[in-house]
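All values reported here derive from a predicted model rather than from experimental measurement. Along the sequence shown, the residues carry numbers beginning at 1.
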Amino acid sequence: QVQLVESGGGSVQAGGSLRLSCEASGYTDINYCMAWFRQAPGKEREGVAAIHSGAGTTYYASSVKGRFTISRDNTNNSRYLQMNSLKPEDTAMYYCAARRVGAGCGIWYQSDRYNDWGQGTQVTVSS
């Protein structure tokens, strides 16, 4: 059974940093794509970043490129989202999601392509 558990959310002031973690269990092969999504109140869920667990290829939304970094630690099946230079518009519930893929993550930013989701962790950025 696949399980994703997020941690690391919190409240910071604009310009600050947070690191989110997502620990995955239940995946028996290395070819899967893990992504971070976020959803603010009244808005649609949007893809933030993704990483291919085998190749390490990374993908970013234009709104976070240069500020956020997604990384992996395959020794403990964890993925991280380092968020720097946070802005009030980054305030949202952040979810990690995963799905089995081939060589790449493909259209990584579409939430309905993912089968497995964590419970979410809240990030609040004040101005």
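- Between Ala92 and Gln122, the closest heavy-atom pair is O-NE2, 3.4 Å.
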Evaluation steps, side-chain contact (heavy atoms from CB on, under 4.5 Å), between Ser7 and Ser21: CA-CA 5 Å; Ser7 60; Ser21 299; 3.6 Å; yes
- Item | Chi angles and distances behind the side-chain contact (heavy atoms from CB on, under 4.5 Å) call for Tyr114, Cys33 | CA-CA 9 Å; Tyr114 291 83; Cys33 182; 3.7 Å; yes
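- In this structure, the separation between OG on Ser53 and CG on Asn31 is 8.5 Å, given to the nearest 0.5 Å.
- The hydrophobic cluster containing Ile107 does not contain Val64, counting ILVMFWY residues as joined when their side-chain heavy atoms lie under 4.5 angstrom apart, directly or transitively.
- Taking OG from Ser111 and CZ from Phe37, the interatomic distance works out to 5.5 Å, rounded to the nearest 0.5 Å.
- The closest donor-acceptor contact from the side chain of Gln119 to the backbone of Glu6 lies under 3.5 Å.
- Rounding to the nearest 0.5 Å gives a distance of 5.5 Å between OG of Ser17 and CD of Gln82.
- In this structure, OH on Tyr94 lies 14.5 Å from SG on Cys22, to the nearest 0.5 angstrom.
- The two residues Pro88 and Ser126 come nearest to each other via the heavy atoms CG-C, 4.5 Å.
- With sequence neighbours left out, Glu89 forms a salt bridge (charged side-chain N to carboxylate O under 4.0 Å, His left out) with no residue at all.
- Note that NE2 of His52 is 9.0 Å distant from CZ of Arg72, once rounded to the nearest 0.5 Å.
- Following chains of ILVMFWY side-chain contacts shorter than 4.5 Å, one cannot reach Tyr80 starting from Trp108, and the two form parts of different hydrophobic clusters.
- Using a 4.5 Å heavy-atom cutoff, the side chains of Val123 and Leu20 are in contact.
- Surrounding CD of Gln3 are at most 12 heavy atoms belonging to other residues, nucleotides or ligands under 6.0 Å away.
- Looking at every heavy atom in both residues, Arg79 comes nearest to Ile51 through CD-CG2, 3.9 Å.
- Aromatic ring centres of Phe68 and Trp36: separated by at least 6.0 Å.
- Inter-residue side-chain proximity for Asp116 and Arg99 is flagged as unmet; no heavy-atom pair is nearer than 4.5 Å.
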Subject >> Stepwise side-chain contact (heavy atoms from CB on, under 4.5 Å) test for Met83 and Ile70 >> reply: CA-CA 9 Å; Met83 305 185 294; Ile70 190 169; over 6 Å; no
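- Side-chain contact, Thr91 with Arg38: no donor N or O sits under 3.5 Å from an acceptor N or O.
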Report the C-alpha distance between Leu81 and Thr69 in whole Å, list the side-chain angles of each, state the deciding distance to 0.1 Å, and finish with yes or no for side-chain contact (heavy atoms from CB on, under 4.5 Å).
CA-CA 6 Å; Leu81 186 68; Thr69 302; over 6 Å; no
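- Side-chain N or O atoms of Thr124 include none that pairs as donor or acceptor with a backbone N or O of Ser11 at under 3.5 Å.
- For Arg67, the salt bridge (charged side-chain N to carboxylate O under 4.0 Å, His left out) partners two or more places apart in sequence, or in a different chain, are Asp90.
- For the pair Arg45 and Tyr95, the distance from NZ or CZ to the six-membered ring centre is under 6.0 Å and the angle to the ring normal is within 45 degrees.
- The hydrophobic clustering, which links ILVMFWY residues whose side-chain heavy atoms are closer than 4.5 Å, places Val101 and Tyr59 apart.
- In this structure, the separation between CG on Asn84 and CZ on Arg19 is 11.5 Å, given to the nearest 0.5 Å.
- Linking Ile, Leu, Val, Met, Phe, Trp and Tyr whenever their side-chain heavy atoms come within less than 4.5 Å leaves Val12 and Met93 in two separate clusters.
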